[in-house]
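In what follows, a structure is listed as structure tokens, so that the remarks can point back to it.
Lettering of chains follows the sequences in order, A, B, ..., and the numbering in each one begins at 1. What you are looking at is a predicted structure, and each value in this text was computed from that prediction instead of being measured.
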Protein chains: 2
Amino acid sequence: MERRAREILSVARPILLEDGFQALSMDRVASQMEYAKGTIYNHFPNKEEIVLALAVQGMKLRRALFAKAVEQPGGSRHRLACVGAACEFFVSNCFDDFRIEQLLRQVNIWDKTSEHRQNTIREYETSCIGLVSTVVQAAVESGELQPPPGMDPPEIVFGFWAICYGSQVLAHSSPGLKEVGIPDFGRAMRIHLNSLCNGFGWQPFMNWQQHIELMDSVHQQLSSDFHQIITSQREDQ
Amino acid sequence: MERRAREILSVARPILLEDGFQALSMDRVASQMEYAKGTIYNHFPNKEEIVLALAVQGMKLRRALFAKAVEQPGGSRHRLACVGAACEFFVSNCFDDFRIEQLLRQVNIWDKTSEHRQNTIREYETSCIGLVSTVVQAAVESGELQPPPGMDPPEIVFGFWAICYGSQVLAHSSPGLKEVGIPDFGRAMRIHLNSLCNGFGWQPFMNWQQHIELMDSVHQQLSSDFHQIITSQREDQ
DNA sequence: GTCAAATTATGACGCCCCGTCAAAAAGTGT
DNA sequence: ACACTTTTTGACGGGGCGTCATAATTTGAC
């Protein structure tokens, strides 16, 4: 990506994250740079395309975290826990990128943006699902998991994806979660992910306490790797 | 609600659903009625408030469906299946309202709207969680479910909520789901919900086939009740 | 039926945003 | 120094937001 485009993105990102999609306007981006509005339009045909470009950066980072998680040694369930840790880490440490990902599922970004960048996003998403699917696949091959007949690894992944995504979105968009009796959604999410594994008979069986201990240890193990990935990605673009 | 406000909402609803939040403008609503823009502003201070008012209608409907589901006789797991059926029914038959609910978690509706209507929304949400929690509570009291220590019914509900919400949002916002190996997300969602129950040891244990049969029969049983609720609610407002 | 007071409706206005495009500026090669 | 190409500029038309002085309508007292 050209230097100019990167400059534009670095100006647009804080606007988007501090004041939301509505507040991101070409005029505002232009006025915060040494360029006029027309110049911005030479690089991005509309603000949706800027958002998409920012999302590409975020999803690249997410995939790198997933790749690191998946390549960990150990049993399939341990490796799945590593992916879970990557998800939690991404939301905690790259909350910006998480929110931009969410934007993609909300606003009508897709109508106005280039097919090329859309495909890039789709490829990252497919790639992430694929990475997690390899863990499920390994579990099936090693006999640790016997999925329901006719249920392929990606469909298993879908469940974990839904719990992670659903939990995090609900938690960050329902202010009164504590008041309705859900004081610690992160703990609840971990327990549900573990219960779903148990429900599929994924070996070795773990009770909620073992799983939470596993998650904590996995977090510690991967923390420095993850942080390194973040910094190296930030340098790239 | 006054007659005028209802008129405005009935004009705004199709605009919102056909052309999205961006396209909903006070000018456009006004031009489609026999009133001027200023009159619209006498009833709703901004378009966000209109969206919130539409969401109230939808959530009222959702809660009515949940109430009907929860009051069904039978074991706790059967009753939970009824709630699941209500969720599926809501998305299928009130897709409009489902999409408006989603808007609430996306756009910055909350900054610009009245606290009163916000509270109404929150109350409906709390009420829905509460209804489902009663089923979980009944399961605990009857001994069909032994939740992890320190995990209250709402936290259990949170997992099912996350799967339902997450699955449906992901499915409706990731066009290429089939291409990545998830041909029938509805079936996958049911299987995951069932596996989560099994993972908590919720009795009676069901395999995926028993659960899907249960869901189908529950749908048939409740279909006419649900349709009746829809029509009676539509008359109200 | 009349009229003044209260309520409600109107739409022009100022401000901001989008995306365009002709004109200006800067850069390039000879 | 000059012609040609590339890049930048910002004014412009179209449109949305929210306001508010003015106009129309309703109300109710006599």
Length of the line joining B/D27:CG and D/dG14:C1', which is rounded to integer Å: 12 Å
What is the nucleic acid contact for B/N46, judged by heavy atoms within less than 4.0 Å: base, sugar-phosphate only, or nothing? sugar-phosphate
Under 4.5 Å between any side-chain heavy atoms of B/Q118 and B/W110, yes or no? yes
Would you tell me whether A/R13 and A/Q57 have side-chain atoms, one donor and one acceptor, within less than 3.5 Å of each other? yes
Does anyone know the first and last nucleotide of DNA chain C in reach of chain A, 5' to 3', at under 4.0 angstrom to a heavy atom? C/dC17 to C/dT20
With a non-hydrogen cut-off below 4.0 angstrom, is A/E34 in contact with a base, only sugar-phosphate, or nothing? sugar-phosphate
Using the ring pair (Phe, Tyr, Trp, His ring centres under 6.0 Å) criterion, which residues pair with A/F89? Sequence neighbours excluded. A/F226, A/H227
Looking only at side-chain N and O atoms, does B/T39 offer a donor or acceptor that is under 3.5 Å from a partner on B/R4? no
Classify the nucleic acid contact of A/I40 as base, sugar-phosphate or nothing, counting any heavy atom under 4.0 Å across all strands shown. nothing
Whole-Å distance between D/dC17 C1' and B/E48 CD? 10 Å
Please determine, by modelled atom types, if B/S114 and B/E49 share a side-chain donor-acceptor pair under 3.5 angstrom. yes
Please give, in whole Å, the distance from D/dC17 C1' to B/L24 CG? 12 Å
When the distance from CG of B/D19 to P of D/dG15 is rounded to whole Å, what number comes out? 15 Å
Looking for any heavy atom pair under 4.0 Å, which part of the strands does A/K37 touch: base, sugar-phosphate only, or nothing? base
Let me know the distance between CD of B/Q22 and P of D/dG15, rounded to the nearest Å. 16 Å
Minimum-distance nucleotide (side-chain atoms of B/Y41 versus D/dT9, D/dT19, D/dT7): D/dT19
When all nucleic acid strands are considered with a 4.0 Å heavy-atom cut-off, which category describes B/T39: base, sugar-phosphate, or nothing? base
Can you sort out the partners of B/F95 under ring pair (Phe, Tyr, Trp, His ring centres under 6.0 Å), two or more places apart, ordered by chain and number? B/F98, B/H172
A/K178/A/D184 ion pair, N-O < 4.0 Å: no
